[in-house]
Amino acid sequence: MVSGGDLDIISTLSDILLVLIISNLTFKEALRTSVLSKRWKHICRETRNVSFQESVITQTYPAWVDEDTKREAFVGYTLHWVSMFTGGIVDTFELSFHRPIGFEAEMRTLIDFAAAKKVKNLVLDFSDRLWVNRDEVAASFESTMIQMPESFYRLTGLVKLKLLACRFDASRLASAGYIEFLYFGWMLLAMITSLLPKAPLLECLQIKNCWNVGLGAITGVNNRLIKLVFKNCVFAVQGTSLDLPSILIFKYAGNVHSFMLRNVNKEMDEVSLDFGRLSQFQAGLGTHFCDLLCSLVTAKTVTVCPFLIQVIQDNVNPLRLRADMKTTRLVLMTTLEPREFVGIRFMINSCPYLETLTFQLVVRTAVRMVRVPIDANGYWRVGIFHPCFKNTLKYLEVWNFCGGFYELQLLKNLIRVCRVLERVDLYAPMGLGVDRLDRIRARADFVRTKFRASSADLSIHLY
């Protein structure tokens with residue numbers, strides 16, 4: 001809280017300095033300064049960071065007000081506020097208003113305001129938090145989405161652009177030379193490839209729940225790109241070529257898409273590959289996954305899904321990758337069913353420097369494919385000679401631990417053979433009843449007291 005003496009000192013500052021100060025506050029905090037004095041009421045109208053979030057502002061309305069009235073009041077408030085704005089440029093403008101059907105003209109007015117103030121960081125979110133199915137959204141709502149106005153395409157100083165549920169022609173943006181951050185969600189992105197060559201300073205690109213994504217390549221023009229994320233997208237191209245000399249984080253979630261990676265950074269931080277529930281096995285897919293992982297061997301943390309774990313065994317060498325992964329933390333999303341055993345072993349054997357091994361137990365269906373028959377009950381008892389078990393593996397985690405037969409078999413044998421293991425952390429599923437949780441505690445105690453460990457300093461915990 002500002003004391004009277006502090007307030008007097010601050011009030012001696014010029015308006016320019018006060019605007020800079022409140023522009024470092026959140027929009028909500030900046031508005032609160034208006035109660036300090038008449039002068040501050042004027043100053044808050046000049047903040048350089050404006051944020052209109054429907055979910056935040058409508059929370060202040062009385063509970064008895066119906067949703068339609070709240071939406072009308074929210075739009076009226078935003079228009080009144082910008083009409084009273086007395087400042088110059090706006091650094092950041094954020095507008096979040098779900099499915100603005102019937103308010104298109106008002107939304108364009110707000111975007112025009114941001115463009116007129118030469119906004120640098122623009123966030124427009126017209127999506128609905130209840131949306132789940134991308135295809136249904138594309139079919140039912142695309143034609144009603146806000147069309148970006150002409151003023152937007154004339155912006156030349158954008159640094160950050162985040163658009164959700166808009167109609168946007170990427171090829172028309174006049175200038176993208178300063179853009180460092182791009183995020184697109186719930187929208188058609190046919191012309192995305194025409195935008196990227198205009199953005200040589202781009203460092204982060206995230207595309208989620210988009211359709212008709214025409215991304216054929218990311219070239220050396222974008223050699224500053226450090227984070228690349230795709231989630232639940234439909235591509236309009238058969239494959240995508242990625243030149244990633246500076247990449248630190250690469251995440252993909254969705255149906256199988258062909259990526260050709262080149263010139264990949266040799267010091268990556270994180271890779272996550274989740275090919276979803278609808279991907280289907282195809283001949284050669286295991287080899288493709290091997291090639292993809294070989295392009296990403298420098299990543300310190302790697303997360304892979306059950307589909308990859310099952311399919312990757314279908315390649316020329318079902319034992320390991322042809323190149324050692326530099327990974328120190330491996331996260332295996334797995335059902336821990338026998339159909340995944342070969343793939344789990346494949347991934348572990350490809351990571352000779354592994355320090356942390358995480359099993360994240362999930363529910364997924366089996367992939368229809370031919371597998372090499374194995375002795376499921378005895379699979380983890382024999383022939384475990386992975387280098388990391390002897391030299392580097394210190395931490396073992398099991399999330400959604402229930403103490404099932406295969407969980408216990410795997411834990412028993414990993415605890416037996418891992419010579420430098422320091423800690424085993426077991427995490428029970430959330431929301432269980434008392435009886436179920438007691439059974440899990442009993443099985444965790446069994447692991448703690450009955451399994452013989454190679455490491456003298458091992459501790460085992462249940463959370």
Side-chain angles (χ1 to χ4, degrees), residues 253-256 272-283 285-286 288-290 293 302-315 317-321 329-351 354 356-384 386 388-389 393 396-418 424-432 436 439-440 442-444 446-447 451 462:
N255 291 342
V256 173
S272 178
L273 301 172
D274 183 358
F275 295 104
R277 301 172 182 270
L278 301 179
S279 295
Q280 297 180 346
F281 174 77
Q282 301 173 18
L285 197 52
H288 171 71
F289 286 162
C290 287
L293 286 172
V302 173
T303 301
V304 295
C305 67
F307 183 81
L308 183 146
I309 291 172
Q310 293 180 65
V311 171
I312 202 165
Q313 60 189 279
D314 182 53
N315 72 86
N317 182 0
L319 300 179
R320 53 165 292 137
L321 289 175
R329 185 186 183 202
L330 177 63
V331 180
L332 299 172
M333 299 168 58
T334 172
T335 64
L336 216 55
E337 292 292 329
R339 61 178 176 262
E340 296 173 2
F341 285 178
V342 173
I344 290 172
R345 204 163 193 171
F346 178 100
M347 291 301 305
I348 294 173
N349 202 30
S350 299
C351 300
L354 205 58
T356 301
L357 176 59
T358 299
F359 294 93
Q360 186 174 324
L361 303 188
V362 297
V363 177
R364 295 285 176 90
T365 57
V367 178
R368 293 184 179 180
M369 58 179 288
V370 177
R371 296 180 177 83
V372 177
I374 62 171
D375 174 15
N377 292 342
Y379 187 79
W380 297 108
R381 288 202 298 265
V382 295
I384 302 181
H386 307 312
C388 63
F389 289 172
L393 188 63
L396 181 62
E397 300 175 339
V398 181
W399 290 82
N400 295 321
F401 171 79
C402 292
F405 176 78
Y406 293 123
E407 295 172 55
L408 296 179
Q409 284 287 312
L410 177 62
L411 282 170
K412 180 179 180 180
N413 290 287
L414 291 182
I415 290 171
R416 175 176 61 85
V417 300
C418 293
V424 175
D425 290 331
L426 309 174
Y427 297 88
M430 300 292 290
L432 297 181
R436 182 81 184 280
R439 288 196 293 272
I440 291 175
R443 291 170 185 174
F446 184 77
V447 172
F451 288 179
L462 174 69

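None of the values given here were measured: they were computed from a predicted structure. All values below come from the heavy atoms of this structure, side chains included, with hydrogens, waters and symmetry mates left out.
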Looking at [X] and [Y], what are the two nearest heavy atoms and their distance?
X	Y	answer
R443	C402	NH1-O, 3.0 Å
P338	I374	O-CD1, 3.6 Å
A428	L462	N-CD1, 4.2 Å
D274	C305	OD1-CB, 3.4 Å
L330	C351	CD2-SG, 4.3 Å
Q360	V331	OE1-CG1, 4.0 Å

Considering only heavy atoms from C-beta outward, does the side chain of [X] approach that of [Y] to under 4.5 Å?
X	Y	answer
Y427	N400	no
R345	Q313	no
L285	V256	yes
I344	Y379	no
L321	F346	yes
F275	N255	no
L414	L396	yes
L408	L410	no

Exercise. Could you check S350 against L293 for side-chain contact (heavy atoms from CB on, under 4.5 Å), going step by step and ending with a plain yes or no?
Key: CA-CA 10 Å; S350 299; L293 286 172; over 6 Å; no
Practice problem: Check the pair V304, M333 against side-chain contact (heavy atoms from CB on, under 4.5 Å), reporting the backbone distance first and the verdict last. | Solution: CA-CA 6 Å; V304 295; M333 299 168 58; over 6 Å; no
Value rounded to 0.5 Å, distance of [atom1] in [X] from [atom2] in [Y]:
X	Y	atom1	atom2	answer
N315	C290	CG	SG	3.5 Å
L319	H386	CG	NE2	9.5 Å
F401	L361	CZ	CG	9.0 Å

Quiz item: For Y406, does its backbone N or O pair with a side-chain atom of Q409 as donor and acceptor, under 3.5 Å?
Solution: no
Practice problem: Determine yes or no for a side-chain-to-main-chain donor-acceptor pair under 3.5 angstrom, with R364 supplying the side chain and F307 the backbone. | Solution: no
Practice problem: Report yes or no: do T335 and E340 form a side-chain donor-acceptor pair below 3.5 Å? | Solution: yes
Practice problem: Run the numbers on F389 and I348 for side-chain contact (heavy atoms from CB on, under 4.5 Å), then give the verdict. | Solution: CA-CA 9 Å; F389 289 172; I348 294 173; 3.7 Å; yes
Quiz item: Can the ring centres of W380 and F341 be said to be less than 6.0 Å apart?
Solution: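 Between F341 and W380, which both carry aromatic rings, the centre distance is below 6.0 Å.
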Self-check item: Q282, CD: over 12 other non-hydrogen atoms inside 6.0 angstrom
Solution: no
Quiz item: Picking from L357, V302, L308, what satisfies side chain to side chain contact (heavy atoms under 4.5 Å, CB included) with L332?
Solution: L357
Exercise. Would you check, one step at a time, whether the test side-chain contact (heavy atoms from CB on, under 4.5 Å) holds for L411 with V398?
Key: CA-CA 9 Å; L411 282 170; V398 181; 4.0 Å; yes
Exercise. Report the residues that fulfil salt bridge (Lys or Arg N to Asp or Glu O under 4.0 Å) with E397, sequence neighbours left out, ordered by chain and then residue number.
Key: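 So E397 forms a salt bridge (Lys or Arg N to Asp or Glu O under 4.0 Å) with R329.
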